[in-house]
Amino acid sequence: MGSSRAKAQRVERRAKIAEMRRAQAARERRNRIITWACSGVIVVGVAAGGWYLVDRSQARNEAAEAAAAAPVEGEKTFKDLSRNHVSTPVNYKTSPGVGGDHNQVWMNCNGDVYDQEIDETNAVHSLEHGAVWVTYTDKAADGDVSDLAEKVRQTPYTLMSPYAAQSAPIMLSAWGRQLSVDSAADPRVEQFFTKYVQGEQTPEPGAACTGGRSA
């Protein structure tokens, strides 16, 4: 009688252990499925995110190319500009100068912001190297001057300085090109930078914008 009861208990215990093992195996299978599913979602997400980033980058490049190809409304163009090195002042066709004879030493233009007027003949040499020169008068709003200075600091091959004799509050100059604006928020500012920083108008693309003259 006792042995029969013990035998029945052993059978019941083995059955419980088997059930526990089946439950554990089921949980493990479920966890593996969840892991695979999550991994699939992550892979798909990464792939989709990668394609999204590629598309965004391509869209930005295409927008930049379009901006570089389009004319800048209101800009003035100057041609047949001499490129001799001189050590004397130059009477330029426009103020500020956008090309012509210039000092043999360029003005540093690696995002340099000057708070005093600089020598025009040095700055024109910087334009020959593909720089954009931002100038302003005391009629420019302080906020515009601050915003433009920040933009210049973040952009190689640019420089900025006050220029009292110019006709507009803010002017942007590249070799043979010039644009007058009233505000830093004018969308043509971005277009001018995109088109003319190391643009096709540059006589000496890639030439240095450091190692020259500083304030």
Side-chain angles (χ1 to χ4, degrees), residues 57 60-72 74-136 145 147-166 168 170-181 184 188-215:
S57 178
R60 284 197 299 267
N61 290 339
E62 290 175 352
E65 290 174 1
V72 180
E75 75 174 9
K76 295 180 180 179
T77 301
F78 302 85
K79 299 181 179 180
D80 301 323
L81 300 169
S82 59
R83 295 170 52 198
N84 302 309
H85 287 173
V86 297
S87 57
T88 56
V90 178
N91 184 21
Y92 290 109
K93 296 180 179 181
T94 184
S95 297
V98 296
D101 295 349
H102 50 268
N103 194 286
Q104 65 178 351
V105 180
W106 57 90
M107 202 76 193
N108 285 337
C109 46
N110 191 35
D112 292 88
V113 176
Y114 303 98
D115 56 11
Q116 301 291 329
E117 291 200 17
I118 59 179
D119 190 291
E120 195 166 11
T121 61
N122 297 112
V124 169
H125 194 158
S126 301
L127 303 187
E128 186 183 40
H129 290 190
V132 164
W133 182 18
V134 179
T135 53
Y136 61 95
V145 173
D147 289 347
L148 288 167
E150 183 63 22
K151 182 173 182 60
V152 166
R153 290 188 182 101
Q154 296 176 3
T155 310
Y157 284 96
T158 64
L159 69 163
M160 178 174 175
S161 67
Y163 192 101
Q166 67 187 33
I170 299 167
M171 297 182 77
L172 285 75
S173 301
W175 185 269
R177 307 288 191 276
Q178 193 163 74
L179 176 70
S180 300
V181 297
R188 294 176 298 168
V189 172
E190 182 66 30
Q191 186 184 5
F192 196 92
F193 270 63
T194 299
K195 189 176 181 69
Y196 294 126
V197 171
Q198 286 289 285
E200 293 183 358
Q201 85 294 338
T202 305
E204 297 180 3
C209 246
T210 60
R213 180 177 178 182
S214 64

In Å, rounded to the nearest 0.5 Å, how long is the span from CD of Gln198 to OG1 of Thr158? 11.0 Å
Check Val124 against Gly99 and note the closest heavy-atom contact, atom names and distance. CG1-CA, 3.7 Å
Kindly write out the residues that satisfy side-chain hydrogen bond (donor to acceptor under 3.5 Å, both in side chains) with Trp106, not counting sequence neighbours, or none if the list is empty. none
Looking only at heavy atoms, what is the nearest atom pair of Gln178 and Ser173, with distance? NE2-OG, 2.8 Å
Considering only residues two or more places apart or on different chains, which pairs with a residue in residues 80-101 satisfy ring-ring contact (aromatic ring centres under 6.0 Å, His included)? His85-His102, His85-His125
For Tyr196, what residues pass the ring pair (Phe, Tyr, Trp, His ring centres under 6.0 Å) criterion, not counting sequence neighbours? Phe192
Between Lys195 and Ala70, is there a donor-acceptor pair closer than 3.5 Å when you use the side chain of the first and the backbone of the second? yes
Residue set satisfying side-chain hydrogen bond (donor to acceptor under 3.5 Å, both in side chains) with Gln166, at least two apart, ordered chain then number -> Thr135
What residues, two or more places apart in sequence or in another chain, satisfy side-chain hydrogen bond (donor to acceptor under 3.5 Å, both in side chains) together with Ser180? none
Under the rule for side-chain hydrogen bond (donor to acceptor under 3.5 Å, both in side chains), what residues qualify as partners of Ser161, not counting sequence neighbours? Trp133
Go through the structure and list residues passing side-chain contact (heavy atoms from CB on, under 4.5 Å) with Val145, not counting sequence neighbours. Tyr136, Ala140, Met160
Which pair of heavy atoms, one from Cys109 and one from Leu159, lies closest together, and at what distance? CB-CD2, 3.8 Å
On a heavy-atom basis, the closest approach of Val134 and Leu172 is CG2-CG, 4.3 Å
Once salt bridge (charged side-chain N to carboxylate O under 4.0 Å, His left out) is applied, do any residues pair with Arg188, and if so which ones, sequence neighbours excluded? Asp186
Salt bridge (charged side-chain N to carboxylate O under 4.0 Å, His left out) partners for Glu190, two or more places apart: Lys151
Let me check something: any side-chain donor-acceptor pairs from residues 205-215 under 3.5 Å, sequence neighbours excluded? List them with distances.
from, atom 1, to, atom 2, distance (Å)
Arg213, NH1, Asn122, OD1, 2.8

Spacing of CE belonging to Met107 relative to CG belonging to Leu127, to within rounding of 0.5 Å: 12.0 Å
How long is the span from the CE atom in Met171 to the OG1 atom in Thr94, to the nearest 0.5 Å? 5.0 Å
Worked check of side-chain hydrogen bond (donor to acceptor under 3.5 Å, both in side chains) between Ser82 and Asn84: CA-CA 6 Å; Ser82 59; Asn84 302 309; 4.5 Å; no
Residue pairs passing the salt bridge (charged side-chain N to carboxylate O under 4.0 Å, His left out) test where at least one lies in residues 79-108, sequence neighbours excluded: Arg83-Glu128, Arg83-Glu204
Identify the two heavy atoms, one from Ala184 and one from Leu148, that lie closest to each other, and give their separation to 0.1 Å. CB-CG, 3.7 Å
Would you indicate whether the side-chain heavy atoms of Ile170 and Val189 approach each other to under 4.5 Å? no
Go through the structure and list residues passing side-chain contact (heavy atoms from CB on, under 4.5 Å) with Pro156, not counting sequence neighbours. Asn110
Is it the case that the side chain of Glu120 and the backbone of Asn91 share a donor-acceptor pair, with hydrogens and angles ignored and the cut-off at 3.5 Å? no
Could you report the tightest heavy-atom contact between Val181 and Ala168, atom names first, then the distance? O-CB, 4.5 Å
Could you tell me if the side chain of Thr155 sits less than 4.5 Å from the side chain of Val132, heavy atoms only? no
